[in-house]
Q: 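Dumping the structure here so I can ask a few things about it.
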Amino acid sequence: MSLGQQLAPHLPFLRRYGRALTGSQNHGDKYVRATLEAIVAAPDQFPKDVEPRLGLYRMFQGIWASANYDEMDATGEADGAEALTRARLARMTPLSRQALLLTAMEGFTPEDAAYLIDVEPEEVETLVAEALAEIEQQTRARVLIIEDEPIIAMDIETIVRDLGHEVTGIAVTRDEAVGLAMEDRPGLVLADIQLADDSSGIDAVKDILAEFEVPVIFITAFPERLLTGERPEPTFLITKPFQRSTVKAAISQALFFDQATIPSE
């Protein structure tokens, strides 16, 4: 089996990580493309002493670590999107966020995460603790949950409330979701893809975003369908079945980037 065939199943999840790390589909996918280009240009430099998935993320981390956030446009001024990304990244130690996402969202062991971000294994726990401490200081949000499975909805609601956030409502259909959002504007939306009346959580979110901007986290049992990199897709994505730590990491990242866009007084 060729290296490309070995890496293909892992690309959707690398896109998920890249998007969560940068808070943007465009920026996250850009780093994934750069990673693949680096592998094609120098396949002999791909790590051969680890499994393909670990090697792929290691290559991505190398691209991320060496990225120049001082890119200039043709006028010599910092590009607006890049400048915003830099401002966002400055709000939390990059390694701490990487350690949290790699372990909580991507499911790597602390040892693997240490290999990926080039630290000692015992440092990973410290970095994750730093990230979690930062989460505790985040502004509390008002959250709308769009989920048609009662058990899952209750589980998500418990996680959200335990994090200190308020739940504005739980919707099971597209129309109900839009109605609740218009009635009581949330600061974050957690949305399942397939809803009770065969309507789409994606369509519900589109309707909501047509009225006002709000960060969104999608929840799906089929993440590969929304991580192709071929069209506008979610920035934050949770895979069913999910771990509590995964939801916590996703919520914290979504709010982290959303709050970074709010000017300080």
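When a residue number appears, it is its place in the shown sequence, counting from 1.
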Q: I'd like to know if the side chain of Arg15 and the backbone of Val32 have a donor-acceptor N/O pair within less than 3.5 Å.
A: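 Looks like no, no N/O pair under 3.5 Å.
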
Q: With distance as the sole test, does Glu147 use its side chain to make a donor-acceptor pair with the main-chain N or O of Ile156 at under 3.5 Å?
A: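 Pair absent, no side-chain N/O of Glu147 close to backbone of Ile156.
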
Q: Is it the case that Glu233 and Thr228 place a side-chain donor and acceptor less than 3.5 Å from each other?
A: yes

Q: Run the numbers on Val167 and Arg161 for side-chain contact (heavy atoms from CB on, under 4.5 Å), then give the verdict.
A: CA-CA 7 Å; Val167 175; Arg161 292 191 186 280; 3.5 Å; yes

Q: I need the minimum non-hydrogen distance between Thr246 and Ala104, along with the two atoms involved.
A: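 Closest approach of Thr246 to Ala104, heavy atoms only: OG1-O, 2.7 Å.
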
Q: Could I get the full list of ring pair (Phe, Tyr, Trp, His ring centres under 6.0 Å) partners for Tyr57, not counting sequence neighbours?
A: Tyr17, Phe108

Q: Less than 4.0 angstrom from a charged side-chain N to a carboxylate O is my criterion; do Asp192 and Lys240 meet it?
A: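 Judged by the 4.0 Å cut-off on N to carboxylate O distance, Asp192 and Lys240 do form a salt bridge.
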
Q: Determine, for Phe236 and Arg19, whether the Lys NZ or Arg CZ falls below 6.0 Å from the six-membered ring centre while staying within 45 degrees of the axis.
A: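 No, cation not above the ring by the 6.0 Å, 45° rule.
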
Q: Using distance alone, with no hydrogens and no angle criterion, decide if Ser24 and Asn26 have a side-chain donor and acceptor under 3.5 Å apart.
A: no

Q: Quick one: do Asp207 and Arg174 make a salt bridge, cutoff under 4.0 Å?
A: yes

Q: I'd like to check the salt bridge (charged side-chain N to carboxylate O under 4.0 Å, His left out) partners of Asp184; sequence neighbours left out, ordered by chain and number.
A: Arg142

Q: Run the salt bridge (charged side-chain N to carboxylate O under 4.0 Å, His left out) test against Asp155 and tell me which residues pass, sequence neighbours left out.
A: none

Q: Determine, step by step, whether Arg185 and Glu211 satisfy the side-chain contact (heavy atoms from CB on, under 4.5 Å) criterion, reporting the C-alpha distance in whole Å, the side-chain angles of both residues, the deciding distance to 0.1 Å, and the verdict.
A: CA-CA 10 Å; Arg185 180 170 172 170; Glu211 299 297 327; over 6 Å; no

Q: Is it the case that the side chain of Arg16 and the backbone of Ile238 share a donor-acceptor pair, with hydrogens and angles ignored and the cut-off at 3.5 Å?
A: no

Q: Where is the tightest heavy-atom contact between Gln253 and Ala20, given as atom of each residue plus distance?
A: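 Scanning both residues completely, I find the closest heavy atoms to be NE2-O, 3.0 Å.
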
Q: Can you list, by chain and residue number, the hydrophobic cluster partners of Leu180 when the side-chain cut-off is 4.5 Å?
A: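 Under the 4.5 Å side-chain rule, Leu180 groups with Leu144, Ile146, Val178, Met182, Val189, Ile193, Leu195, Ile202, Val205, Ile208, Leu209, Phe212, Val214, Val216, Phe218, Leu226, Leu227, Leu237.
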
Q: Val172 and Ile152: same hydrophobic cluster, using ILVMFWY side-chain contacts below 4.5 Å?
A: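 As far as the 4.5 Å side-chain criterion goes, Ile152 and Val172 are not connected within one cluster.
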
Q: Run the side-chain contact (heavy atoms from CB on, under 4.5 Å) test on Phe257 and Thr235 for me, step by step, so that the C-alpha distance in whole Å, both residues' side-chain angles and the decisive distance to 0.1 Å come before the verdict.
A: CA-CA 11 Å; Phe257 283 114; Thr235 298; over 6 Å; no

Q: With side-chain contact (heavy atoms from CB on, under 4.5 Å) as the criterion, how do Arg244 and Asp162 come out once you've worked through the C-alpha distance, each side chain's angles and the decisive distance to 0.1 Å?
A: CA-CA 11 Å; Arg244 181 185 180 89; Asp162 285 350; 2.8 Å; yes

Q: Test: side chain to side chain donor-acceptor pair (under 3.5 Å). Region: residues 32-55. Which pairs qualify, not counting sequence neighbours?
A: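 Found none.
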
Q: Excluding sequence neighbours, so at least two apart, what forms salt bridge (charged side-chain N to carboxylate O under 4.0 Å, His left out) with Asp175?
A: none

Q: Could you tell me which non-hydrogen atom of Pro223 sits nearest to which non-hydrogen atom of Thr239, and how far apart they are?
A: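 Between these two residues, the closest heavy atoms are CG-OG1, 3.5 Å.
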
Q: Provide the closest heavy-atom pair for Asp198 versus Gln194 in the form atom of the first, atom of the second, distance.
A: CA-NE2, 3.3 Å

Q: Which pair of non-hydrogen atoms, one from Ala141 and one from His165, has the smallest distance, and what is that distance?
A: N-ND1, 2.9 Å

Q: Looking at every heavy atom in both Ala249 and Ser252, which two are closest together, and how far apart are they?
A: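 Heavy atoms of Ala249 and Ser252 come nearest at O-OG, 2.8 Å.
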
